[in-house]
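Just the heavy atoms: all of them, side chains too, but no hydrogens, waters or symmetry mates, feed the values below.
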Amino acid sequence: MNKFLLFAILIVLSLTGCLLFAFLVKIVVKAAQSAEATSDPYLILIKPKNLKFKIINDQRCVDIPAKSSLHIQCQSEHSLSWSFPQNHKEESHNIKNLATIESKCENRTGEQLCTSSFKLDSLTYEQTGEYNCFYYNNSESGEMIKHSQSIYVFVNDDNHLVVPHDGNPSIFIFLSSSTSSATVPCLPTNSNANVKLLKIVQHNEEKSNELNSAVYLPTKGFIFPNQTWTHETAFMECKVSLRNLTQSVTVSVQWTSCGDNCR
């Protein structure tokens with residue numbers, strides 16, 4: 001009788017262990033699925049083919065000749081959206097009105113797979129910038145979290161070495177005070193270009209040495225983390241050189257109470 005009771009207890013313990021193990025496996029699988037569901041999208045450059053990426057400040061970048069076609073594909077388990085450069089104010093130049101975007105979601109073996117394709121023909125230098133594929137979802141705390149993948153495209157055009165700023169031939173920066181940090185968006189259309197920022201002394205129009213207090217990134221411009229702006233630094237020249245070519249644009253810094261809202 002004691003042997004039978006002991007055998008029964010062992011069977012119960014064995015079944016309990018199996019059930020507990022199955023429960024733990026289920027929790028781990030759910031956690032893995034949840035982590036996968038909130039992963040960043042997967043972005044692929046379809047066209048042009050066989051281009052080498054550069055990594056600039058942890059950003060994937062690529063140089064593409066002007067008049068080429070750009071085709072990017074993005075995949076995720078969520079519906080996807082796109083953002084892209086807006087270097088021109090006119091609607092006729094808005095990439096949203098020029099690009100073809102095709103998106104679809106389908107169920108595969110019980111899981112949703114969403115694909116979004118972005119196509120833009122006959123690239124122009126004005127379309128240099130970051131192309132971003134993204135989606136939002138809620139965290140456990142209810143906070144909206146953005147998941148994204150991006151690629152920065154330099155549209156190479158020897159006739160236009162500088163990316164326009166809001167469609168203007170010059171760059172205007174509005175700051176809230178004369179001691180504000182600032183980014184001067186002096187951006188090249190070619191990642192191999194040499195870019196300098198010079199201050200202009202108005203009295204004699206003499207151009208001085210480079211402003212060395214800034215950090216320069218080809219995808220962002222000149223970043224001044226702590227700069228006191230005076231009349232001597234309010235007017236500058238952005239100079240972009242590539243091989244034997246050189247182009248310049250003027251930069252005007254103004255400080256007003258409206259700050260960025262002045263634009």
Side-chain angles (χ1 to χ4, degrees), residues 40 53-64 83-89 95 125-134 146 148-157 160-202 207-242 245-263:
D40 290 339
F53 288 106
K54 288 184 177 181
I55 305 298
I56 301 176
N57 195 39
D58 296 328
Q59 168 79 66
R60 283 198 302 171
C61 303
V62 65
D63 282 272
I64 299 178
S83 63
F84 21 76
Q86 296 183 5
N87 298 321
H88 213 292
K89 290 183 177 180
I95 292 178
Y125 72 99
E126 295 173 328
Q127 293 161 347
T128 292
E130 184 179 74
Y131 292 77
N132 195 315
C133 165
F134 65 92
K146 183 179 181 179
S148 65
Q149 281 288 344
S150 65
I151 180 173
Y152 193 98
V153 176
F154 293 91
V155 183
N156 301 167
D157 185 342
H160 301 91
L161 300 182
V162 187
V163 179
H165 183 242
D166 288 339
N168 297 315
S170 300
I171 299 174
F172 295 92
I173 308 295
F174 294 96
L175 305 176
S176 57
S177 73
S178 60
T179 57
S180 299
S181 60
T183 297
V184 178
C186 181
L187 304 174
T189 59
N190 191 308
S191 68
N192 297 309
N194 181 32
V195 183
K196 294 181 179 181
L197 188 62
L198 309 174
K199 65 181 180 181
I200 300 176
V201 181
Q202 282 189 305
K207 296 177 179 60
S208 75
N209 294 328
E210 292 179 72
L211 292 168
N212 295 318
S213 59
V215 175
Y216 173 69
L217 296 173
T219 58
K220 303 292 184 183
F222 290 90
I223 303 169
F224 291 87
N226 186 15
Q227 172 75 19
T228 299
W229 301 95
T230 66
H231 290 293
E232 288 190 355
T233 55
F235 295 95
M236 296 173 284
E237 178 187 42
C238 169
K239 189 175 183 179
V240 181
S241 302
L242 181 68
L245 304 171
T246 300
Q247 292 180 7
S248 300
V249 297
T250 57
V251 179
S252 176
V253 179
Q254 301 175 24
W255 45 93
T256 65
S257 57
C258 60
D260 289 338
N261 295 325
C262 294
R263 291 167 53 182

- Which heavy-atom pair separates G129 from P85 by the least distance, and what is that distance? CA-CG, 3.4 Å
- Can you find a heavy atom in the side chain of P188 that is under 4.5 Å from one in the side chain of N194? no
- Message: Evaluate V253 against M236 for side-chain contact (heavy atoms from CB on, under 4.5 Å), listing each step before the verdict.
- Response: CA-CA 8 Å; V253 179; M236 296 173 284; 3.5 Å; yes
- Note on the structure: Separation between OG (S252) and CD1 (I171), nearest 0.5 Å, reads 10.5 Å
- Across all chains, not counting sequence neighbours, the side-chain contact (heavy atoms from CB on, under 4.5 Å) partners of T250 are S170
- Query: Residues in side chain to side chain donor-acceptor pair (under 3.5 Å) with Q247, at least two apart?
  - Reply: none
- Message: Before you tell me yes or no, could you show the steps for V251 and C186 under side-chain contact (heavy atoms from CB on, under 4.5 Å), namely the whole-Å CA-CA distance, both residues' side-chain angles and the distance that decides it to 0.1 Å?
- Response: CA-CA 9 Å; V251 179; C186 181; 5.7 Å; no
- Excluding sequence neighbours, so at least two apart, what forms ring pair (Phe, Tyr, Trp, His ring centres under 6.0 Å) with Y216? F222
- Message: Which residues pass the side chain to side chain donor-acceptor pair (under 3.5 Å) test with S248, not counting sequence neighbours?
- Response: E237
- Query: Should V184 and C238 be marked as a side-chain contact (heavy atoms from CB on, under 4.5 Å) after you check the CA-CA gap, both sets of side-chain angles, and the distance that decides it?
  - Reply: CA-CA 9 Å; V184 178; C238 169; 5.9 Å; no
- Qualifying residues under side-chain contact (heavy atoms from CB on, under 4.5 Å), relative to S83, sequence neighbours excluded: N132, F134
- Taking every non-hydrogen atom, the tightest pair across I55 and R60: CD1-CG, 3.7 Å
- Starting from the C-alpha separation in whole Å, work towards a yes-or-no answer on side-chain contact (heavy atoms from CB on, under 4.5 Å) for I151 and F53. CA-CA 9 Å; I151 180 173; F53 288 106; 3.2 Å; yes
- Note on the structure: D63 meets the side-chain contact (heavy atoms from CB on, under 4.5 Å) criterion, sequence neighbours left out, with K54, F154, N156, N190, S191
- Message: With a 4.5 Å cut-off on side-chain heavy atoms, are N57 and Y152 touching?
- Response: no
- With distance as the sole test, does T183 use its side chain to make a donor-acceptor pair with the main-chain N or O of I223 at under 3.5 Å? no
- CG (L187) and NZ (K220) are apart, to the nearest 0.5 Å, by 9.5 Å
- Output the distance between atom CD (E126) and atom CD1 (I95), rounded to the nearest 0.5 Å. 9.5 Å
- Message: I need the minimum non-hydrogen distance between N87 and T128, along with the two atoms involved.
- Response: ND2-O, 2.9 Å
- Message: Students often mix this up, so state it plainly: with edges at 30° and 60°, are the rings of Y131 and F84 parallel, tilted or perpendicular?
- Response: tilted
